[in-house]
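Treat the numbers as computed from the prediction; the structure is a model and nothing was measured. Along the sequence shown, residues are numbered consecutively beginning with 1.
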Amino acid sequence: MKIPSIDPSECTDCEVCIELCPTVFRRNDAGFIEVADLPEYPEEEVEECIKNCPADCIAWEEV
Ligand code: SF4
C-alpha cells in the first residue's frame, strides 16, 4: 500500500497540505505537520498536495 510521507527537514510549515487535504495532513501535538494514520489515502487529494507543496517534501512511500 502507498502512504504519503513528509520530509520534516524540508517542510516549511506553510499548511498548504492541511488546507488542501485536512483528512490526511494535520499538525501534531509537538507542532509538526504529520500524516494521519488512515486505512487508505485519497490518491487525487494527496497528489494535489504533492504538486502544491512549496518545499516539494511530500512523497508516496510504498509499505
Ligand atoms: S505543504 Fe509541504 S511545506 Fe507546506 S506544511 Fe505541508 S508538507 Fe510542509
Side-chain angles (χ1 to χ4, degrees):
M1 148 176 173
K2 288 201 305 187
I3 61 165
S5 75
I6 297 171
D7 179 349
S9 66
E10 297 292 329
C11 175
T12 59
D13 220 28
C14 69
E15 296 196 353
V16 163
C17 53
I18 296 178
E19 279 165 34
L20 291 175
C21 192
T23 51
V24 172
F25 299 96
R26 63 185 181 199
R27 187 176 296 282
N28 66 20
D29 291 343
F32 296 105
I33 310 295
E34 69 173 12
V35 173
D37 209 3
L38 300 175
E40 59 183 321
Y41 294 89
E43 184 143 1
E44 275 182 29
E45 281 96 327
V46 171
E47 288 291 343
E48 232 11 64
C49 294
I50 290 173
K51 274 191 223 141
N52 286 287
C53 170
D56 202 19
C57 65
I58 307 172
W60 288 109
E61 205 170 87
E62 288 287 342
V63 291

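The salt bridge (charged side-chain N to carboxylate O under 4.0 Å, His left out) pairs that include a residue from residues 47-57 are Glu48-Lys51, where partners are two or more places apart or lie in different chains. Legend: salt bridge (charged side-chain N to carboxylate O under 4.0 Å, His left out) pairs involving residues 6-19, not counting sequence neighbours, sorted by first then second residue: Asp13-Arg27, Glu15-Arg27.
A distance of 8.0 Å separates CD1 in Ile58 from SG in Cys11, rounded to the nearest 0.5 Å. Taking CD from Glu45 and SG from Cys21, the interatomic distance works out to 5.0 Å, rounded to the nearest 0.5 Å. To the nearest 0.5 angstrom, Asn52 atom CG is 9.5 Å from Cys14 atom SG.
For Glu40, there are no side chain to side chain donor-acceptor pair (under 3.5 Å) partners at least two apart in sequence or on another chain. When the side chain to side chain donor-acceptor pair (under 3.5 Å) test is applied to Thr23, no partner is found at least two apart in sequence or on another chain. The side chain to side chain contact (heavy atoms under 4.5 Å, CB included) search around Ala55 returns Thr12, Cys53, Cys57, not counting sequence neighbours.
Across Val46 and Tyr41, no two heavy atoms sit closer than the pair CG2-CB, 4.4 Å. The shortest non-hydrogen separation linking Pro4 to Val24 is CG-CG1, 3.9 Å.
Annotation for Leu20: hydrophobic cluster partners, listed by chain and number, are Val16 (ILVMFWY side-chain heavy atoms under 4.5 Å, direct or chained).
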Could you pull out every donor-acceptor pair under 3.5 Å between side chains of residues 28-37 and any protein atom, sequence neighbours left out?
unit_1	atom_1	unit_2	atom_2	d
Asn28	OD1	Ala30	N	3.0
Asn28	OD1	Gly31	N	3.0
Asn28	OD1	Phe32	N	2.9
Asn28	ND2	Glu34	OE1	3.3
Glu34	OE2	Arg26	NE	2.7
Glu34	OE2	Arg26	NH2	3.0

